[in-house]
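Contents: one structure, followed by commentary.
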There are 2 protein chains.
Amino acid sequence: MTQSHNCKNELNDVELRATPARLAVMKLLETSSKPIDVQTIISFLEKKDIKADPATVFRIVNMFTEKGLVKPIQLHEGKFRYELANIADHHHLMCNICGDIEDISDCNIDALEKDIKKKKQFTVTSHSLEFFGLCSNCQK
Amino acid sequence: MTQSHNCKNELNDVELRATPARLAVMKLLETSSKPIDVQTIISFLEKKDIKADPATVFRIVNMFTEKGLVKPIQLHEGKFRYELANIADHHHLMCNICGDIEDISDCNIDALEKDIKKKKQFTVTSHSLEFFGLCSNCQK
DNA sequence: TGACAAATGCAATTAAATTGCATATACTAA
DNA sequence: TTAGTATATGCAATTTAATTGCATTTGTCA
């Protein structure tokens with residue numbers, strides 16, 4: 001039986017057991033348009049009546065990161081946010097005023113990474129590119 | 001009387017008083033080749049027999065950031081590093097193995113920022129671009 | 001269904017960073 | 001040089017993010 005999309009399979013693929021909390025976190029990440037912090041995950045789980053201790057949520061995002069399911073993001077907030085790792089390379093625009101986060105793609109950073117390899121003999125495995133400024137609303 | 005370079009003047013320029021701790025932090029930042037975290041600043045001050053409470057050091061880097069003297073940097077460590085703001089646009093290479101930090105310049109990100117303005121009506125005021133991977137030593 | 005490794009809950013702990021308030025100090029003006 | 005004052009600091013308490021140890025629970029597979 002073919003199946004369109006299934007969080008359980010994704011967890012199986014990386015040899016993680018499909019617990020209610022993990023499945024819910026995966027679903028939240030899949031439906032969210034912006035990187036999510038641990039507090040937001042905790043609130044989401046509470047609303048869904050899935051009880052999960054903060055320690056568990058931290059363990060979940062760390063495990064997901066280790067297994068390559070998610071990518072940690074830092075936006076100068078003093079905490080981490082997380083987003084799915086298997087989405088196309090993209091970056092974020094964060095508004096200094098309202099804090100809203102938008103995605104942006106097409107940064108063509110591959111060329112730069114090749115240049116780094118040549119110049120510095122440094123092999124890039126990942127990068128983070130974030131922009132801060134004023135969103136269209138807050139410029140008014 | 002012309003003066004080559006003077007931390008005190010830089011502080012005066014942004015209307016901050018030239019205290020021993022602030023002067024020492026400025027000097028440390030000016031001589032350092034990589035962004036520095038608060039713990040490193042504290043150790044440096046201790047070695048120089050300049051006593052400064054951690055709370056004071058946090059206040060100093062926050063004040064420097066607010067006044068535009070320094071720029072906070074995040075390298076997925078769960079803490080901030082700081083570097084002088086008035087140096088040419090550049091980015092960092094952080095080694096996943098040894099944690100060493102190298103600088104890299106010539107990223108030509110201006111074009112991308114103009115593109116963002118056009119596409120998203122988002123005005124970029126700052127950006128952060130960090131690369132993670134393997135330095136030349138750790139590839140062996 | 002039963003066994004067992006893996007995941008969780010709970011409590012304690014660590015580390016980064018912030019805050020309130022009393023005291024000390026850098027700067028300004030006299 | 002000194003006195004007055006706004007500013008900066010020290011200290012202690014607190015907040016928030018994140019981690020850890022250990023007993024208990026649960027998902028998975030035979």
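Proteins come first, then strands; the chains are lettered A, B, ... in the order of their sequence lines, and each starts at number 1. The analysis underlying the following values was restricted to heavy atoms, covering all of them including side chains, and did not include hydrogens, waters or symmetry mates.
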Counting N and O atoms only, with roles assigned by atom type, does the side chain of A/R22 sit under 3.5 Å from a partner on the main chain of A/R17, one being a donor and the other an acceptor? yes
For A/L11 and D/dC29, what is the distance between atoms CG and P respectively, to the nearest whole Å? 13 Å
Taking only side-chain nitrogens and oxygens of A/N62, does any of them come within less than 4.0 Å of OP1 or OP2 of D/dA18? no
For nucleotides 3-6 of chain D, give me every protein contact, N/O to N/O, under 3.5 Å, one pair per line with atom names.
{"unit_1": "D/dA6", "atom_1": "N3", "unit_2": "B/R17", "atom_2": "NH1", "d": "3.2"}
{"unit_1": "D/dA6", "atom_1": "N3", "unit_2": "B/R17", "atom_2": "NH2", "d": "3.4"}

Tell me whether B/L134 is reachable from B/M94 by hopping between hydrophobic residues (I, L, V, M, F, W, Y) whose side-chain heavy atoms are closer than 4.5 Å. no
Report the residue (B/T19 or A/K51) whose heavy-atom-nearest nucleotide on DNA chain C is the more 5′ of the two. A/K51
Does A/K117 reach the side chain of A/T123, with side-chain heavy atoms less than 4.5 Å apart? yes
In whole angstroms, the gap separating P of D/dG10 from CG of B/L45 amounts to 10 Å
Whole-Å distance, A/Q39 CD to D/dT15 P, equals 15 Å
Taking the nucleotide of DNA chain C with the closest heavy atom to each, which residue, A/A55 or A/R22, is nearer the 5' end? A/R22
Under 3.5 Å side-chain donor-acceptor pair for B/H91 and B/E130: no
Quickly work out the A/E15 CD to D/dT28 C1' distance and round it to whole Å. 13 Å
Starting at CD1 of B/I41 and ending at P of D/dT9, how long is that distance when rounded to a whole Å? 13 Å
Can you give the first and last nucleotides of DNA chain C, 5' to 3', that have an atom under 4.0 Å from a heavy atom of chain A? C/dA5 to C/dA11
Once you round to the nearest 0.5 Å, how far does CD1 of A/I104 lie from NZ of B/K120? 5.5 Å
Would you say the ring centers of B/F132 and B/H76 fall short of 6.0 Å from each other? yes
Testing A/L69, A/V38, A/I73 for side-chain contact (heavy atoms from CB on, under 4.5 Å) with A/Y82, which one passes? A/V38
Is a salt bridge present between B/D100 and B/K34, judged by a nitrogen-to-oxygen distance below 4.0 Å? yes
Here the gap from A/E102 atom CD to A/F131 atom CZ, rounded to the nearest 0.5 Å, amounts to 12.5 Å
Could you tell me how far apart B/I60 (CD1) and D/dT7 (C1') are, to the nearest whole angstrom? 13 Å
